[in-house]
Amino acid sequence: ADYTVSHRSQLLNITFDENLLSNTEYTLRISPKLEDESGKRMEREYTYRFTTAEASFTYLERNYDPGALDKVIERAPISKKRHVLFEALQIEYFGRNEDYLAVVLPKTKYTDELRVKNLETGRVEEIDVPGAVRVESLEFSPAEGLFVFVTRVIAGPGADESFRRGYDGRLYRYDIDGSRLQSVDTMSDEGNVESALYSRDGQALLYQTLDGTYFLTSATGTSQPSPLGSFAGSGGFNRTNTKLAFLTENGAAIYNAQTRR
């Protein structure tokens with residue numbers, strides 16, 4: 001299979017140009033001719049064998065009959081297997097990766113409840129999100145047990161101006177393995193985040209503020225956010241995570257993450 005290689009810091013990212021076949025065993029071999037930036041070669045060939053899973057998709061099935069439950073369902077179209085991952089009286093939306101499922105449930109008219117399920121053990125954990133907020137723009141990291149979300153304050157009991165300034169439009173990161181919720185530094189005293197997106201390798205985080213400005217930061221928050229500019233349209237990463245494209249009125253603007261230009 002054809003592939004593209006890129007790297008960031010000490011991480012080597014191999015992206016296949018076409019989707020691999022499901023239920024198929026593959027062998028990846030990396031030649032010892034590979035050198036690091038100082039010219040040092042690998043000591044031996046690296047071999048990694050893996051088998052792709054059966055193709056499946058996950059969707060939300062809403063049930064409007066009295067007493068019926070909404071369900072998050074994983075379905076494999078080839079084997080026709082159907083598995084209910086989560087069910088509740090009402091589910092607003094969900095996000096997932098290979099290991100975890102995050103579900104947003106309405107708690108009151110003005111607040112949401114956030115739960116995370118370990119898909120291997122079945123254990124469900126409720127996340128202690130800030131008080132009277134709605135949970136929006138939930139996005140999983142493709143590489144780690146991390147996800148981000150934006151809090152939105154809806155006018156209601158307990159949502160005074162001070163609370164709104166503190167929690168409306170705030171970007172949060174949740175570390176599932178460490179059960180740790182952190183506010184992401186967005187270079188603003190007031191929350192003003194509209195949405196967020198991880199790079200395909202999970203190493204970078206792109207977020208957009210309400211005024212249309214995009215910022216790029218590390219997925220773990222170890223670097224200061226870099227402003228990329230304001231764009232009316234959407235933006236995202238390319239397949240190799242080295243460039244970002246933003247829609248503009250005149251076409252598209254390209255940002256090179258390696259040269260930072």
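Sequence positions, counted from 1, serve as the residue numbers for this chain. Not measured: the values here are computed from a predicted model.
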Count the heavy atoms of every other residue, nucleotide or ligand shown that sit under 6.0 Å from [atom1] of [X], and state whether that count exceeds 12.
| X | atom1 | answer |
| --- | --- | --- |
| N19 | CG | no |
| N256 | CG | yes |
| E126 | CD | yes |
| E43 | CD | no |

Are Y93 and L89 connected in the hydrophobic side-chain network, where two residues link if heavy atoms are under 4.5 Å apart?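 Hydrophobic grouping puts Y93 apart from L89.
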Following the transitive rule for hydrophobic clusters with a side-chain heavy-atom cut-off under 4.5 Å over Ile, Leu, Val, Met, Phe, Trp and Tyr, establish whether L228 and I254 coincide in one cluster.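 Looking at the clustering, I254 is in a separate group from L228.
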Could you give the distance from [atom1] ([X]) to [atom2] ([Y]), rounded to the nearest 0.5 Å?
| X | Y | atom1 | atom2 | answer |
| --- | --- | --- | --- | --- |
| I78 | S22 | CD1 | OG | 4.0 Å |
| R44 | I30 | CZ | CD1 | 13.5 Å |
| R29 | R49 | CZ | CZ | 6.0 Å |
| N238 | K243 | CG | NZ | 7.0 Å |
| L181 | Y172 | CG | OH | 7.0 Å |
| I127 | R180 | CD1 | CZ | 12.5 Å |

Looking only at non-hydrogen atoms, find the nearest pair between [X] and [Y] and report the distance.
| X | Y | result |
| --- | --- | --- |
| V148 | A196 | CG2-CB, 4.0 Å |
| Q90 | P106 | O-CD, 3.4 Å |
| R200 | P142 | O-CG, 3.2 Å |
| A55 | P77 | O-CD, 3.5 Å |
| D177 | D175 | N-OD1, 3.2 Å |
| G202 | A219 | O-CB, 3.1 Å |

Donor-acceptor pair, E74 side chain versus S56 backbone, under 3.5 Å?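 Not a single qualifying donor-acceptor pair exists.
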Could you check whether any side-chain heavy atom of [X] comes within less than 4.5 Å of a side-chain heavy atom of [Y], counting everything from C-beta outward?
| X | Y | result |
| --- | --- | --- |
| P32 | R41 | no |
| S234 | F246 | no |
| P225 | D185 | yes |
| L205 | L197 | no |
| K81 | H83 | no |
| F231 | L247 | no |
| S179 | E125 | yes |
| T47 | L28 | no |

Does the plane of the ring in Y174 sit parallel, tilted or perpendicular to the ring in F147? Use 30° and 60° as the thresholds.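 The rings of Y174 and F147 sit tilted, inter-plane angle from 30° to 60°.
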Can you list, pair by pair, the side-chain donor-acceptor contacts under 3.5 Å of residues 131-140, counting residues two or more places apart and other chains?
from: R134; atom 1: NE; to: D112; atom 2: OD1; distance (Å): 3.0
from: R134; atom 1: NE; to: D112; atom 2: OD2; distance (Å): 3.2
from: R134; atom 1: NH2; to: E92; atom 2: OE2; distance (Å): 2.9
from: E136; atom 1: OE1; to: R152; atom 2: NE; distance (Å): 3.3
from: S137; atom 1: OG; to: E194; atom 2: O; distance (Å): 3.3

Residue pair T151 / R170, side-chain donor-acceptor N/O under 3.5 Å: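 No donor-acceptor contact under 3.5 Å links the two side chains.
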Between T4 and D17, do the side chains contain a donor N or O and an acceptor N or O under 3.5 Å apart?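 Present: a donor and an acceptor within the cut-off.
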Using the test ring-ring contact (aromatic ring centres under 6.0 Å, His included), find all partners of Y198 that sit at least two apart in sequence or belong to another chain.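 Result, ring-ring contact (aromatic ring centres under 6.0 Å, His included) vs Y198: none returned.
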Residue pairs fulfilling ring pair (Phe, Tyr, Trp, His ring centres under 6.0 Å) with at least one residue in residues 50-81, sequence neighbours excluded: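 Output for this query lists Y26-F50, Y48-F50, F57-Y59.
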Evaluation steps, side-chain contact (heavy atoms from CB on, under 4.5 Å), between I176 and V116: CA-CA 8 Å; I176 299 176; V116 176; 4.0 Å; yes
Linking Ile, Leu, Val, Met, Phe, Trp and Tyr through side-chain heavy atoms less than 4.5 Å apart, which residues share a cluster with F86?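 Result for F86 is L60, V72, L85, I91, F94, L101, V103, L105, L119, V124.
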Carboxylate-amine/guanidinium contact R75 E61, below 4.0 Å: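 No, R75 and E61 are not salt-bridged.
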Pair E54, S79 - check side-chain contact (heavy atoms from CB on, under 4.5 Å), show working. CA-CA 8 Å; E54 180 182 3; S79 66; 2.9 Å; yes
Throw together a table of side-chain donor-acceptor distances under 3.5 angstrom for residues 210-218, partners on residues two or more places apart or in other chains.
from: D211; atom 1: OD1; to: T209; atom 2: OG1; distance (Å): 2.5
from: D211; atom 1: OD1; to: T213; atom 2: N; distance (Å): 3.1
from: D211; atom 1: OD1; to: T213; atom 2: OG1; distance (Å): 3.1
from: T213; atom 1: OG1; to: S230; atom 2: OG; distance (Å): 2.8
from: Y214; atom 1: OH; to: G233; atom 2: O; distance (Å): 3.0
from: Y214; atom 1: OH; to: G235; atom 2: N; distance (Å): 3.1
from: T217; atom 1: OG1; to: S223; atom 2: O; distance (Å): 3.1
from: S218; atom 1: OG; to: G221; atom 2: N; distance (Å): 3.2
from: S218; atom 1: OG; to: T222; atom 2: N; distance (Å): 2.8
from: S218; atom 1: OG; to: T222; atom 2: OG1; distance (Å): 3.2
from: S218; atom 1: OG; to: S223; atom 2: N; distance (Å): 3.3
from: S218; atom 1: OG; to: S223; atom 2: OG; distance (Å): 3.4

Kindly write out the residues that satisfy side chain to side chain contact (heavy atoms under 4.5 Å, CB included) with A68, not counting sequence neighbours, or none if the list is empty.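 Once residues adjacent in sequence are excluded, the partners of A68 under the side chain to side chain contact (heavy atoms under 4.5 Å, CB included) criterion are N63, D65.
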